[in-house]
Trainee: 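Before we start, here is the structure in question, set down as structure tokens.
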Amino acid sequence: MVSVTRLNNTAFFLNPDLVEFIEETPDTVLTLSTGKKLVVSESAAEVVARITEYKRSLFGALPKIVSENTPQ
């Protein structure tokens with residue numbers, strides 16, 4: 001889960017797998033796959049950075065899979 005902040009300074013956790021679009025209009029608007037839109041105080045770049053960090057924490061520890069056809 002990724003922590004983000006509503007415009008009223010209330011923090012909440014977001015499932016990043018639900019995020020379809022991130023727009024700055026100029027507020028940052030997250031559109032979820034459910035159709036719900038959330039306005040947050042973080043910039044689009046900050047939300048992307050948090051999602052990237054979260055995904056790396058999950059998948060970064062996976063071993064690299066090398067097949068016979070993979071150049072080394």
Side-chain angles (χ1 to χ4, degrees):
M1 300 295 257
V2 174
S3 176
V4 290
T5 311
R6 290 186 173 96
L7 294 181
N8 66 1
N9 286 332
T10 304
F12 66 99
F13 290 95
L14 171 71
N15 179 346
D17 294 329
L18 296 178
V19 177
E20 271 196 41
F21 301 103
I22 302 174
E23 305 169 89
E24 289 184 335
T25 64
D27 292 326
T28 305
V29 179
L30 310 178
T31 303
L32 306 184
S33 60
T34 61
K36 185 172 185 175
K37 293 183 182 270
L38 303 169
V39 181
V40 297
S41 60
E42 290 82 5
S43 69
E46 179 61 29
V47 175
V48 170
R50 290 181 186 186
I51 291 172
T52 302
E53 181 180 329
Y54 171 75
K55 297 274 184 171
R56 282 188 181 146
S57 74
L58 294 178
F59 301 114
L62 293 176
K64 182 177 179 182
I65 299 173
V66 178
S67 70
E68 293 176 17
N69 299 326
T70 304
Q72 295 184 16

Trainee: According to salt bridge (charged side-chain N to carboxylate O under 4.0 Å, His left out), who are the partners of D27, at least two apart in sequence or on a separate chain?
Mentor: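 None.
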Trainee: Write out all pairs satisfying side chain to side chain donor-acceptor pair (under 3.5 Å) with one or both partners inside residues 11-23, taking only residues at least two apart or from two chains.
Mentor: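 For residues 11-23: D17-K55.
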Trainee: Suppose we screen for side chain to side chain contact (heavy atoms under 4.5 Å, CB included). Which residues come up paired with E24, at least two apart in sequence or across chains?
Mentor: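 For E24, the residues satisfying side chain to side chain contact (heavy atoms under 4.5 Å, CB included) (neighbours in sequence not counted) are T28, S43, A44.
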Trainee: Determine all donor-acceptor pairs shorter than 3.5 Å in which one atom belongs to a side chain in residues 32-41; sequence neighbours excluded.
Mentor:
residue: T34; atom: OG1; partner: K36; partner atom: N; Å: 3.4
residue: K37; atom: NZ; partner: T31; partner atom: OG1; Å: 3.3
residue: S41; atom: OG; partner: T5; partner atom: O; Å: 3.4

Trainee: Would F59 end up clustered with L18 when hydrophobic side chains under 4.5 Å apart are linked, directly or stepwise?
Mentor: yes
Trainee: So which pairs with a foot in residues 38-47 pass salt bridge (charged side-chain N to carboxylate O under 4.0 Å, His left out), sequence neighbours left out?
Mentor: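 Only E42-R50, E46-R50 qualify under salt bridge (charged side-chain N to carboxylate O under 4.0 Å, His left out).
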Trainee: Heavy-atom count around F12 CZ within 6.0 Å, excluding the residue itself: above 12?
Mentor: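 More than 12 heavy atoms, drawn from other residues, nucleotides or ligands, come within 6.0 Å of this atom.
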Trainee: Using a 4.5 Å cut-off between side-chain heavy atoms of Ile, Leu, Val, Met, Phe, Trp and Tyr, which other residues end up in the same hydrophobic cluster as M1?
Mentor: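 Members besides M1, by chain and number: F13.
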Trainee: Linking I/L/V/M/F/W/Y whenever any side-chain heavy atoms sit under 4.5 Å apart, do V2 and V47 land together?
Mentor: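 Yes, it is one cluster - the side chains of V2 and V47 are joined through contacts under 4.5 Å.
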Trainee: Consider only side-chain heavy atoms of I, L, V, M, F, W and Y, link residues closer than 4.5 Å, and tell whether V29 and L14 are in one cluster.
Mentor: no
Trainee: For N8, which residues count as a side chain to side chain donor-acceptor pair (under 3.5 Å) partner, sequence neighbours excluded?
Mentor: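 T10.
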